[in-house]
Number of protein chains: 2
Amino acid sequence: MDKHNPTRRPVTVADVARAAQVSKATAARALGGYGAVRADLKERILEAARRLDYRPNELARTMATGRSGTIGVIVGDIENPFFGLAVRGISDVAAQAGFDVILSNSGETLATEKASTEVFLAKRVDGLIVAPATRHDGSHLQDALGRACPLVLLDRDVPGLSVDVALVDDHKAAREATQLLLAAGHRRLAYITATAAADVHYRGPEQIPLTTVLNRIAGFLEASDIAGLAEAERQIRLDAAKTARSQTILLDLLRASGRPTALLASDSKIALEVFRAARALGLHIPGDLSLVSFDDADWTSAVSPLVSVVSQPSYELGAAAAQMLVARIMGDKAPPRRHILDTILIRRESVAPPRS
Amino acid sequence: MDKHNPTRRPVTVADVARAAQVSKATAARALGGYGAVRADLKERILEAARRLDYRPNELARTMATGRSGTIGVIVGDIENPFFGLAVRGISDVAAQAGFDVILSNSGETLATEKASTEVFLAKRVDGLIVAPATRHDGSHLQDALGRACPLVLLDRDVPGLSVDVALVDDHKAAREATQLLLAAGHRRLAYITATAAADVHYRGPEQIPLTTVLNRIAGFLEASDIAGLAEAERQIRLDAAKTARSQTILLDLLRASGRPTALLASDSKIALEVFRAARALGLHIPGDLSLVSFDDADWTSAVSPLVSVVSQPSYELGAAAAQMLVARIMGDKAPPRRHILDTILIRRESVAPPRS
DNA sequence: TTGAAAGCGCTACCAT
DNA sequence: ATGGTAGCGCTTTCAA
């Protein structure tokens, strides 16, 4: 059986109505599944729709109702397995609640994030989930709120913004990871993060655009402090996003006299760079250098040595964010919620006592 | 300066027109950047728009024009770096051509892919790029075409569908990779793929839903044939998607007497499973087992041993797909194009002569 | 239960 | 160059 609608023009309710010999309104009711329609009429209408291969125009529906049945998600880097899993969490609960998800990548860039926000608002998404690229500018997010578009922050907070958030307890996570290293006997630790910064050295909180990193640094410093380590701030390195840059940073760090004997990597990409640098310097992990990394990336549990990681519940994080958003879309007026999830420290093989 | 539009109702062209004391049509022309408007009037209108914080409603615009300025992309698994990069390629050329991109994950499931296609068509995307989950059912894609929605296939072909495709020369890639192993002296090779199948053993082409895998198998068999290896088909393993399953398969394969001395992994996830299995069996790579993997995943160039890979030009693949799609949207009526890209074989450390 | 008609916000055609 | 107005396809009063 071939096309019944050889013409270019798509089939509309009006067409179906005509074919079923009822009014446009009745056809629309039957097709849209609202209002009440006599059973036999409904049957006739549905039959006609089937015959004509009618497909509802979501756009028109959205225009008329104001609801699109779609939620927009903006993350920094979808290739990052952390966000990949989170998006799956979001999609699953969204689908269950009858919402579609459309995705956008900010590339960790504020400008792109703003543009994406704009696009989503213009497309009239019913709600927004975003992992903001910076805590320093939330004007576009405020804007979404102002336009009555529910918003939930994922993974990263924007202080001053009064919205639901789904976060991880990064402070505690970093503290525990650091203490794992400390407990093994290390006294010279360093923390490496990919977060963009003008200077690779840590000068203070203002410099840091991500609340996650801010909290992790705080946790790292707190643990160092408790252990009585002096000047732990000096062992923090920023801006290790690209391979070349991280290699410079790591090689620099690991070639210095009094080099760190243990590293805390802020994400699995950096852990990989640590592997690379260690290789280049002939340093053995964990013999010469201990390592703990954030994110339980797939390769960390397959290569030698298996790497000890801070596993983040990213799927649950996404699911929680979506749950809150759906509730808001449904009209939930409660004060903003803060959903904070715990991480799990997975001990594997990349931590050993310092050799000295 | 705070909100000028404290009411809930969004600002429309009509509002701006009123404020600027011009007709709705004129305001629309100035705001929409079409038609002609006297300079001073235009200025007045834009000023009013700014003052009222006017934001165009893309939906209404789409309804009126029929064009959404959006292209929909459906891939099997966005967390897969291969698709991640491809999507970036797509986004870049799309953005440059003035299109937004919305993304959807099929999870390599036909049903989800169909649903996503439906959603995108209903949202009136201007074009579709999809990496189909199976070559066996293209009805939904045919449907898109039938509804005058341009379509480009990414990475995987659907025979019988007369559309533009952006593919990689998988046959050649697999043949070369196999020959690398052969040249090292191996005579017992195996090829492992994640492709879903009822049986882990290869029975024939019908069984294989992905043209990529089909072509790779052909390349593997051709190289084996040329080298005079008998019964190479028996060294093919399917359905190694999940960790548990792949471990069963690999352990089985590697514990057999006359076990393969070299493996060709169909993607980097499988390569990881090979690492895992080798570890479990105390097999050393490449001493006891050589390995070549498809996809130049980040970790393959950082861990020990560095793994030799077939690097796929996924960014370019995405860019090419988007280029063709944009051309079609712009009205290109030429016969379907087939854009076939070459892979690069990167020799690293995971291949060595068999020990025997 | 059904039908007529008024929007939703914008574009585009047709006069002026 | 400008203004009036008819759609785009659907939902949603309001009467009947």
Side-chain angles (χ1 to χ4, degrees), chain A residues 5 7-46 48-49 52-70 121-126 147-148, chain B residues 5 7-46 48-49 52-70 121-126 147-148:
Chain A
N5 175 37
T7 87
R8 193 103 335 262
R9 199 178 55 74
V11 179
T12 72
V13 271
D15 297 323
V16 177
R18 201 172 313 116
Q21 319 202 60
V22 297
S23 77
K24 215 180 68 173
T26 304
R29 278 191 273 258
L31 262 15
Y34 52 97
V37 182
R38 216 173 57 216
D40 59 323
L41 263 196
K42 182 163 187 169
E43 188 40 57
R44 204 164 83 209
I45 294 168
L46 261 29
L52 297 177
D53 192 31
Y54 164 79
R55 311 294 180 103
N57 181 333
E58 286 305 334
L59 245 49
R61 196 168 271 177
T62 301
M63 272 216 53
T65 60
R67 285 166 291 106
S68 64
T70 304
L121 289 176
K123 287 201 191 312
R124 296 297 186 267
V125 295
D126 290 341
R147 293 204 250 158
Chain B
N5 175 36
T7 87
R8 196 106 328 264
R9 198 178 55 72
V11 180
T12 72
V13 272
D15 297 323
V16 176
R18 202 172 312 116
Q21 318 202 56
V22 297
S23 78
K24 213 180 70 173
T26 305
R29 278 190 275 259
L31 262 15
Y34 57 98
V37 182
R38 216 173 56 217
D40 58 323
L41 261 196
K42 181 165 189 168
E43 187 42 55
R44 204 165 82 208
I45 294 168
L46 262 28
L52 297 178
D53 193 31
Y54 164 79
R55 312 293 181 103
N57 181 332
E58 286 305 334
L59 246 49
R61 196 168 271 176
T62 301
M63 272 216 55
T65 60
R67 286 166 291 106
S68 64
T70 303
L121 288 177
K123 287 200 191 313
R124 295 296 186 269
V125 294
D126 291 340
R147 292 203 251 158

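All values below were derived from every heavy atom in this structure, side-chain atoms included, with hydrogens, water molecules and symmetry-related copies excluded.
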Can a side chain N or O of B:Tyr34 be found less than 4.0 Å away from OP1 or OP2 on C:dA12?
no
Here the pair of heavy atoms bringing A:Leu46 nearest to A:Ala30 is CD1-O, 4.1 Å
Contact class for A:Leu59 (heavy atom, under 4.0 Å): base, sugar-phosphate, or nothing?
nothing
Given atom OH of B:Tyr54 and atom C1' of C:dG9, what is their separation to the nearest angstrom?
8 Å
Any side-chain heavy atom of A:Asp53 within less than 4.5 Å of one from A:Val11?
no
For residues A:Lys123 and B:Leu59, report the shortest heavy-atom separation together with the two atoms involved.
O-CD1, 3.5 Å
Both B:Arg38 and A:Lys24 contact DNA chain D. Taking the nearest nucleotide for each, which residue is further toward the 5' end?
B:Arg38
What is the distance, rounded to the nearest whole Å, between atom CZ of A:Arg67 and atom C1' of C:dC8?
13 Å
Looking at B:Arg29, I'd like to know whether one of its side-chain N or O atoms comes within less than 4.0 Å of OP1 or OP2 on C:dT11.
no
If you compare all heavy atoms of B:Arg67 against all heavy atoms of B:Asp126, which two are closest, and at what distance to 0.1 Å?
CA-OD1, 3.5 Å
Taking all atoms of both residues into account, what is the closest heavy-atom pair of B:Ser23 and B:Ala17, and its distance?
O-CB, 3.7 Å
Gap between atoms CE and P, on B:Met63 and C:dG7 respectively (whole Å):
17 Å
Non-hydrogen atoms of A:Asp15 and A:Pro10 that approach each other most closely
OD2-O, 3.7 Å
Mind calculating the distance between CD1 (A:Ile45) and C1' (C:dT2) to the nearest angstrom?
10 Å
Mapping B:Ala36 and B:Thr65 to their closest nucleotides on DNA chain D, which lands nearer the 5' end?
B:Ala36
Between C:dA12 (C1') and B:Arg61 (CZ): distance, integer Å:
13 Å
Its 5'-most and 3'-most nucleotides having an atom under 4.0 Å from a non-hydrogen atom of chain A, DNA chain D is contacted over D:dG9 to D:dT13
Are OP1 or OP2 of C:dA4 and a side-chain N or O of A:Ser23 less than 4.0 angstrom apart?
no
On a heavy-atom basis, which atom in A:Arg29 and which in A:Gly35 lie closest, and how many Å separate them?
CD-CA, 3.8 Å
